[in-house]
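Single-structure report; data block below.
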Amino acid sequence: MVALISMRKVSKFFDTFQALKDVSLDVNLGEKVVICGPSGSGKSTLIRCINRLEAHEQGEIIVDGVTLTDDKATLEKIRGNVGMVFQQFNLFPHLTVLENLTLGPRRVLGLDPKAAEERAMKYLNRVRIPDQADKLPRQLSGGQQQRVAIARSLCMEPRILLFDEPTSALDPEMIAEVLDVMSELARDGMTMVVVTHEMGFARRVADKMVFMDKGQIVEVGPTEQVFTAPKSARFGAFIQQIL
Ligand code: ADP
Ligand code: MG
């Protein structure tokens, strides 16, 4: 097993408030990890530490062999290797779908316009909306916008994709189309860390389940084991609540 992400006793503070407490987690190459837990339990903070959107104060995070620090070369390497999909899509509203997709490859990876467009269309096809390329984000449904956001991440050809509640801002009828795209990425072997409360998706796709509470991982294990025989009463209670 190759650990693509390795967190060792990671703690993160916001002033005096401790948002992560001694969090240790390994994510292996090709593994799909789902993180759930109550609001405020530190799920976003945990995955934001993986791509250094947040800096941890204690412990160690190694991503694809690189120990996370504020060193500029390290940050560039991490940002290139780790893609992130947010709840609120975070598309540039004044750029077309195609422009949203070509921006990173051109500016960051130095692709020429033609190569960037070819790559963008490849991934728009992958998320099944090649016909939306020339529209502005606001002309698309929420589900389509989130699929654009996923395609935009894929355009950077990352080794790891992080998702922070990617379907939480969507109307119910659009959730499935986004989860379907994510399931396909999982099938194709992408290493994924997904914060979600979509337990059906978790059970189908996740190799490993993580349950957080108050900044700590209180339950972690193979998905079926966590669902059928959770070690903590809190996970059982949480599941009852959201189903
Ligand atoms: P979750 O994603 O599980 O809902 P978060 O990781 O967003 O939880 O937040 C964990 C805790 O850290 C919460 O109590 C939240 O208020 C706090 N927190 C998150 N970000 C900040 C910040 N930038 N400044 C201060 N407190 C923060
Ligand atoms: Mg969150």
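Atom set for the values below is all heavy atoms of this structure, side chains included, hydrogens, waters and symmetry mates excluded. Bear in mind that the values here come from a model prediction, so they are computed numbers and not experimental data. In each ligand, atom 1 is the first atom listed, and ligand 1 is the first ligand listed. In this chain, residues are counted from 1 in sequence order.
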(request) Measure the distance from atom 12 (O) of ligand 1 to every protein heavy atom, then report the residue, atom name and distance (to 0.1 Å) of the closest one. (result) F17 CE2, 3.4 Å
(request) Measure the distance from atom 8 (O) of ligand 1 to every protein heavy atom, then report the residue, atom name and distance (to 0.1 Å) of the closest one. (result) G42 N, 3.3 Å
(message) Using a 4.0 Å cut-off to any heavy atom of S41, which atoms of ligand 1 qualify?
(response) 1 (P), 3 (O), 8 (O)
(message) On a heavy-atom basis, which atom in P105 and which in L101 lie closest, and how many Å separate them?
(response) CD-O, 3.2 Å
(request) Hydrophobic side-chain clustering at under 4.5 Å (ILVMFWY, transitive links): who's grouped with V108? Put none if nobody. (result) L109, L111, M156
(message) Among all the protein's non-hydrogen atoms, which is closest to atom 3 (O) of ligand 1, and how far away is it?
(response) K43 NZ, 2.7 Å
(message) Give me the atom names and distance for the closest heavy-atom approach of G215 to V23.
(response) O-CG2, 3.6 Å
(message) In the complex you have, is atom 16 (O) of ligand 1 within reach of the protein, judged by whether a heavy-atom distance drops under 4.0 Å?
(response) no
(request) Mark the output for P38 as yes if a heavy-atom distance to ligand 1 is under 4.0 Å, and as no if none is. (result) yes
(request) Classify the ring geometry between F211 and F238 as parallel (under 30°), tilted (30 to 60°) or perpendicular (over 60°). (result) tilted
(message) Can you report which non-hydrogen protein atom sits closest to atom 7 (O) of ligand 1, along with the distance?
(response) S44 CB, 3.7 Å
(request) Check each of G40, G37, S39 against atom 10 (C) of ligand 1 and report the one with the nearest heavy atom. (result) G40
(request) For residues 56-114, pull every pair meeting ring-ring contact (aromatic ring centres under 6.0 Å, His included), keeping only residues two or more places apart or in separate chains. (result) none
(message) Quick one about S41 and D213 (side-chain donor to acceptor, distance below 3.5 Å, no hydrogens or angles considered), yes or no?
(response) no
(request) Can you tell me which residue pairs pass the salt bridge (charged side-chain N to carboxylate O under 4.0 Å, His left out) test with a partner in residues 198-207, sequence neighbours excluded? (result) R203-E224
(request) Could you tell me whether the side chains of D134 and T96 share a donor-acceptor contact shorter than 3.5 Å? (result) no
(message) A side-chain contact here means heavy atoms from C-beta on lying under 4.5 Å apart; do V34 and H197 qualify?
(response) no
(request) Using a strict 4.0 Å cut-off to heavy atoms of A19, name the atoms of ligand 1 that fall inside it. (result) 12 (O)
(request) May I ask you to identify the nearest protein heavy atom to atom 24 (N) of ligand 1, giving residue, atom name and distance to one decimal place in Å? (result) F14 CD2, 3.4 Å
(request) Give every protein N, O or S atom lying under 2.8 Å from the Mg ion (ligand 2), naming each by residue and atom. (result) S44 OG
(request) Run the numbers for me: atoms of ligand 1, each under 4.0 Å from some heavy atom of T45, listed by number. (result) 5 (P), 6 (O), 9 (O), 10 (C)
(request) State whether any protein heavy atom lies less than 4.0 Å from atom 22 (C) of ligand 1. (result) yes
(request) Taking atom types as modelled, find out whether Q132 and K135 have a side-chain donor-acceptor pair closer than 3.5 angstrom. (result) yes
(message) R147 and side-chain contact (heavy atoms from CB on, under 4.5 Å): which single residue from V178, L124, V85, L140 fits?
(response) V178
(request) Please say whether the positively charged group of K231, taken as NZ for Lys or CZ for Arg, lies over the ring of F235, i.e. under 6.0 angstrom from the six-membered ring centre and within 45 degrees of the axis. (result) no
